[in-house]
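Proteins come first, then strands; the chains are lettered A, B, ... in the order of their sequence lines, and each starts at number 1.
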Number of protein chains: 2
Amino acid sequence: MTVTTSRNGVASERIASALRDSILRGEHPPGTRILQEDVAADFGASRLPVREAFRILEADGLITLVANTGAWVSRLSLAECEEIYQLRERIEPLLLGYSIQNLTASQLDRLDELAATMQTLRDPEEFLRLDREFHLLSYAGAHTAILGDTVRRLWNTTQHYRRAYTRLLDPDGNRIVHDEHHMLVQALRLRDADDGERILLGHIRRTRLELARHPALFD
Amino acid sequence: MTVTTSRNGVASERIASALRDSILRGEHPPGTRILQEDVAADFGASRLPVREAFRILEADGLITLVANTGAWVSRLSLAECEEIYQLRERIEPLLLGYSIQNLTASQLDRLDELAATMQTLRDPEEFLRLDREFHLLSYAGAHTAILGDTVRRLWNTTQHYRRAYTRLLDPDGNRIVHDEHHMLVQALRLRDADDGERILLGHIRRTRLELARHPALFD
DNA sequence: TTGATCGCGATTGGCTCCAATGTAGCTGAA
DNA sequence: TTCAGCTACATTGGAGCCAATCGCGATCAA
């Protein structure tokens, strides 16, 4: 399941959540302008909660606000994308270490199922949805607020580029990704933190290096 | 120099910036409630830009918003503080590696000066100001947006606890801190990234362990 | 034809008023 | 005395209106 639009909270948070999902689904590519009035009309609200939602998404790094001018879906330079992947190389193994001790049997089964399903998928958008669920679920055992939010923010910021990259992955690249999924789940099952962190680090590093080979995807 | 209230941007950003500084200066201890109307009156504005400023500070982790209820200066649990320090152990050496190549001679001189001044200071608030400047300046050579912002956010979130901790540091603890300052500047001067990262890592780790010995500072 | 300048329209920023919600204090009965 | 329920107030959330600002296009001169 994708992240559903939360019914909790006030309008600004609901709008931010829904807008975040639609940006992550690729409905607004990087560089697209977003008008307060359009969003307000979509949600049947006034512009005020939309302005607050924009502030939330700006802090998430998903949109860029310019005073008196407007809001645009954020673009990344290749350098910024590399920064994010270097950060993830440092942080995610730590988060996985927290998570690996507490994953339940049903969560591990679901991870297996996701890895198997992704192997046979043809649709890139469906792949991205499952990949996101795999990613979030593998960290679900870590009962951390700050660490988890930090990783989630970094992941979201690069979603557009993950999409573009996924669409041009050759069959061999796909095979590597699928192997990594299966190996990671196996390490999680064995509660082998060292092995899990090693596989994860390798995956992130490999992706970072491959993205660097496609500078045309960036500004 | 403290972080000055930016004159750039619109009211909500100016208010957020000024409020951030005053929280970091300790004028609103953790758990303090902040009313929209009070802030609006302080800045001669209506509540609207204040509401946007609150959203910005919430994303910074400095205040906590509860719908229909109010805003409070964030508190940290010991576990969250440990999370932050573990993150910093992973991230800051990376940031220092970027910075060490580009620090100018005048920046290095200022770092020397700061280290020496802090050694003779008696006033904790003045120490915190200089410590913050030292921290920011040592990373000034890193021309990174995302990495730098992430570290700045983590640093800000723990400022209250750094304050409380500084006030109860014994003379021996102070001596260690001062030694670390001087050693770090020396490594920076020699452009010795490995040594700089080692010293920085040791400093953060030591502080994390010492904070864990004072659980009474936290919730 | 090209460049700069002026003005208009589109869009965002901000204020005031009103509605909704949560909290605290009071009243009453067990 | 204590606890439950109710009422009133303080505070936040939201809508509409007006002002400020920016970008774009038209106009004019070189």
Side-chain angles (χ1 to χ4, degrees), chain A residues 4-23 27-75 219, chain B residues 4-23 27-75 219:
Chain A
T4 63
T5 303
S6 167
R7 270 280 140 206
N8 310 333
V10 289
S12 50
E13 283 162 20
R14 283 191 294 109
I15 293 173
S17 181
L19 206 50
R20 179 186 297 117
D21 290 348
S22 88
I23 290 174
E27 293 169 20
H28 308 277
T32 307
R33 184 170 188 183
I34 302 184
L35 296 177
Q36 295 178 3
E37 195 122 22
D38 292 350
V39 178
D42 286 348
F43 289 92
S46 82
R47 280 174 35 232
L48 193 146
V50 176
R51 282 162 66 172
E52 285 190 48
F54 278 13
R55 290 289 176 191
I56 295 172
L57 296 178
E58 183 191 30
D60 275 358
L62 288 179
I63 69 175
T64 304
L65 296 179
V66 181
N68 288 308
T69 307
W72 283 264
V73 178
S74 297
R75 318 178 76 108
D219 275 357
Chain B
T4 63
T5 303
S6 167
R7 269 282 140 205
N8 310 332
V10 288
S12 50
E13 284 163 18
R14 283 191 293 109
I15 293 173
S17 181
L19 204 51
R20 179 186 297 116
D21 290 348
S22 89
I23 290 174
E27 294 170 20
H28 308 277
T32 307
R33 185 171 188 183
I34 301 185
L35 296 177
Q36 295 178 2
E37 196 122 23
D38 292 350
V39 178
D42 287 347
F43 290 92
S46 84
R47 279 173 36 230
L48 194 146
V50 175
R51 281 162 67 173
E52 285 190 50
F54 278 13
R55 290 288 177 191
I56 295 172
L57 296 178
E58 183 191 30
D60 275 356
L62 287 180
I63 69 175
T64 303
L65 296 179
V66 180
N68 288 307
T69 306
W72 284 264
V73 179
S74 297
R75 319 177 75 107
D219 276 357

Engineer: Across nucleotides 17-22 of chain D, 5' to 3', mark each nucleotide with B, S or - according to how protein heavy atoms within less than 4.0 Å reach it.
Structural biologist: ----SS

Engineer: Are any of the side-chain nitrogens in E13(A) or R55(B) under 4.0 Å away from the carboxylate oxygens of its partner?
Structural biologist: yes

Engineer: Are L65(B) and F54(B) side-chain neighbours, meaning at least one heavy-atom pair lies under 4.5 Å?
Structural biologist: yes

Engineer: Nearest-Å distance, CG (L65(B)) to P (dT12(D))?
Structural biologist: 10 Å

Engineer: Which whole-number value in Å describes the distance from R33(B) CZ to dA10(D) P?
Structural biologist: 13 Å

Engineer: With a 3.5 Å distance limit and no angle check, can you tell me whether S22(B) reaches the backbone of E27(B) through a side-chain donor-acceptor pair?
Structural biologist: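 Answer holds: no.
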
Engineer: Report yes if a donor N or O on one partner sits less than 3.5 Å from an acceptor N or O on the other, where the partners are the side chain of R51(B) and the base of dG14(D); otherwise report no.
Structural biologist: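 Indeed, a donor on one side and an acceptor on the other fall under 3.5 Å apart.
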
Engineer: Is a side-chain donor or acceptor of S12(A) paired with a backbone partner of A53(A) at a separation under 3.5 angstrom?
Structural biologist: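 No: the side chain of S12(A) does not pair with the backbone of A53(A).
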
Engineer: Drop me the distance from D21(B)'s CG to L19(B)'s CG, to the nearest 0.5 angstrom.
Structural biologist: 9.0 Å

Engineer: 5' to 3' on DNA chain C, which nucleotides open and close the contacts with chain A (atom under 4.0 Å from a heavy atom)?
Structural biologist: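 Nucleotide range with atoms under 4.0 Å of chain A: dT11(C) to dG14(C).
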
Engineer: For the pair made of CG in L35(B) and C1' in dG13(D), what is the distance, rounded to whole Å?
Structural biologist: 15 Å

Engineer: Could you pull out all residues at least two apart from E37(A) that satisfy salt bridge (charged side-chain N to carboxylate O under 4.0 Å, His left out)?
Structural biologist: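 By the salt bridge (charged side-chain N to carboxylate O under 4.0 Å, His left out) rule, E37(A) matches no residue at all.
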
Engineer: Between CD1 of I15(B) and CZ of R51(B), what distance do you get to the nearest 0.5 Å?
Structural biologist: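 One gets 13.0 Å once the value is rounded to the nearest 0.5 Å.
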
Engineer: Provide, to the nearest angstrom, the distance between the CG atom belonging to L48(B) and the P atom belonging to dG13(D).
Structural biologist: 12 Å

Engineer: Got a second to check how far S74(A)'s OG is from H28(A)'s NE2, nearest 0.5 Å?
Structural biologist: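 Rounded to the nearest 0.5 Å, the OG-NE2 separation comes out at 13.0 Å.
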
